[in-house]
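Note: hydrogens, waters and symmetry copies are ignored here, and every other heavy atom, side chains too, is used. Per chain, numbering begins at 1; letters A, B, ... match sequence-line order.
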Number of protein chains: 2
Amino acid sequence: MSMLHDMDSTAFTILGEPTRLRILSELRDEELHVGELVAKLDCTQPTISKHLKVLRDAGFVECRVDAQRRVYHLKQQPFKSLDDWLEPYRQLWNRNLDALENFLDQQENNK
Amino acid sequence: MSMLHDMDSTAFTILGEPTRLRILSELRDEELHVGELVAKLDCTQPTISKHLKVLRDAGFVECRVDAQRRVYHLKQQPFKSLDDWLEPYRQLWNRNLDALENFLDQQENNK
DNA sequence: ATTTTATATTCCTTGACACGTATATACGTT
DNA sequence: AACGTATATACGTGTCAAGGAATATAAAAT
């Protein structure tokens, strides 16, 4: 039960780099090729390419070839893993919601 | 609209350390003091204390004092931020679900 | 008051990684 | 074929963070 949800920390290491996080953010709504990412994030091209390699190897992105261009887009799997990892922590606020509800019920009953 | 959900990468940097991730995992179901964490994760005490400081400074955990002991527990805020950050990426699978639904509807209609 | 227990902090060393520059590869255009 | 464009890779360098050992702090027990 708690064996599920136990996650390798490497995914977080990958997201812990500001430029990589921005790359993912830029790719949320549209596919982009390397040059476009270089322009949007004003980094050098090698920097972007290296970050893209890291993201590719970790399965966060994928690219299709369009002539000399590589067009990158997001893959869902690692994000789903994050969502699963987060699941057991959601009780932190659900629990509080329950407590609030109980409190409000209590108030109601004491009227 | 996309300004919300844009997250500082430091939270991920913090989660990118295996021992810290395990500390959070251990604290999911129960409060623990430092000594208990040292035992569970077999690290040296200074290592655990240093990781706890990082987690404290980032708001992931909090501790109450019990005599010489510091009893640590999770705080919800950073986890909620992660949940919010994840939100726009959920369309990656919702979108696919929609596509699947459409496909199935299509199949249905063609009977 | 002294000693023991529990935790935090400091200093040092080492390893990982991010960036820049330069270069390689591959496709397109002329 | 030669040149230009688009992307990837290699190498050297600097920064930062993790871990170990030693020490500091604080409360408890004797």
Side-chain angles (χ1 to χ4, degrees), chain A residues 6-27 30-75 78 82, chain B residues 6-27 30-75 78 82:
Chain A
D6 267 331
M7 184 154 181
D8 195 295
S9 61
T10 53
F12 292 114
T13 305
I14 286 165
L15 299 173
E17 211 289 325
T19 306
R20 281 196 291 261
L21 208 55
R22 293 200 54 207
I23 290 175
L24 296 178
S25 171
E26 295 292 345
L27 291 176
E30 47 178 353
E31 295 191 320
L32 294 171
H33 62 258
V34 180
E36 288 172 318
L37 287 166
V38 171
K40 286 191 182 244
L41 308 188
D42 86 327
C43 289
T44 67
Q45 175 267 316
T47 293
I48 296 292
S49 281
K50 278 180 279 189
H51 285 312
L52 285 171
K53 176 173 177 49
V54 174
L55 291 170
R56 249 185 295 128
D57 291 348
F60 280 93
V61 302
E62 208 175 36
C63 70
R64 69 181 162 80
V65 177
D66 172 29
Q68 331 97 310
R69 297 189 166 160
R70 306 294 175 96
V71 183
Y72 282 82
H73 62 269
L74 299 183
K75 293 209 67 181
L82 282 169
Chain B
D6 267 330
M7 186 156 181
D8 195 291
S9 61
T10 54
F12 292 113
T13 304
I14 287 165
L15 299 173
E17 212 289 324
T19 305
R20 281 197 291 262
L21 208 55
R22 293 200 54 205
I23 290 175
L24 296 179
S25 171
E26 295 292 345
L27 292 176
E30 46 178 355
E31 295 191 322
L32 293 170
H33 62 258
V34 181
E36 288 173 318
L37 286 166
V38 170
K40 286 189 182 246
L41 308 188
D42 85 328
C43 288
T44 67
Q45 175 268 315
T47 294
I48 295 292
S49 281
K50 279 181 279 187
H51 285 311
L52 284 170
K53 177 174 176 49
V54 174
L55 291 170
R56 247 186 295 128
D57 291 348
F60 280 93
V61 302
E62 206 175 37
C63 70
R64 68 185 164 77
V65 177
D66 172 31
Q68 332 99 308
R69 297 192 165 156
R70 307 294 175 92
V71 183
Y72 282 83
H73 61 269
L74 298 183
K75 295 210 65 180
L82 282 169

Acceptor/donor pairs from residues 7-14 of chain B side chains to any protein atom, 3.5 angstrom cut, sequence neighbours excluded:
from: Asp8(B); atom 1: OD1; to: Thr10(B); atom 2: N; distance (Å): 2.8
from: Asp8(B); atom 1: OD1; to: Thr10(B); atom 2: OG1; distance (Å): 2.7
from: Thr13(B); atom 1: OG1; to: Gly16(A); atom 2: O; distance (Å): 3.1
from: Thr13(B); atom 1: OG1; to: Ser9(B); atom 2: O; distance (Å): 3.3

Determine all donor-acceptor pairs shorter than 3.5 Å in which one atom belongs to a side chain in residues 52-61 of chain A; sequence neighbours excluded.
from: Lys53(A); atom 1: NZ; to: Asp57(A); atom 2: OD2; distance (Å): 3.4
from: Arg56(A); atom 1: NE; to: Tyr72(A); atom 2: OH; distance (Å): 3.2

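For Gln68(A), there are no side-chain hydrogen bond (donor to acceptor under 3.5 Å, both in side chains) partners at least two apart in sequence or on another chain.
In this structure, Leu15(B) and Leu24(B) have side chains that are in contact, with non-hydrogen atoms separated by less than 4.5 Å. Between Leu32(B) and Ile23(B), every side-chain heavy-atom pair lies at or beyond the 4.5 Å cut-off.
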B/S/- along nucleotides 17-30 of chain D (protein heavy atoms under 4.0 Å) is -SBBBB----SS--

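The salt bridge (charged side-chain N to carboxylate O under 4.0 Å, His left out) pairs that include a residue from residues 18-27 of chain B are Arg22(B)-Glu26(B), Glu26(B)-Lys40(B), where partners are two or more places apart or lie in different chains.
Protein chain A touches strand DNA chain C; the 5'-most and 3'-most nucleotides with an atom under 4.0 angstrom of its non-hydrogen atoms are dA18(C) to dG28(C).
The CG atom of Leu41(A) lies 10.5 Å from the OG1 atom of Thr47(A); values are rounded to the nearest 0.5 Å.
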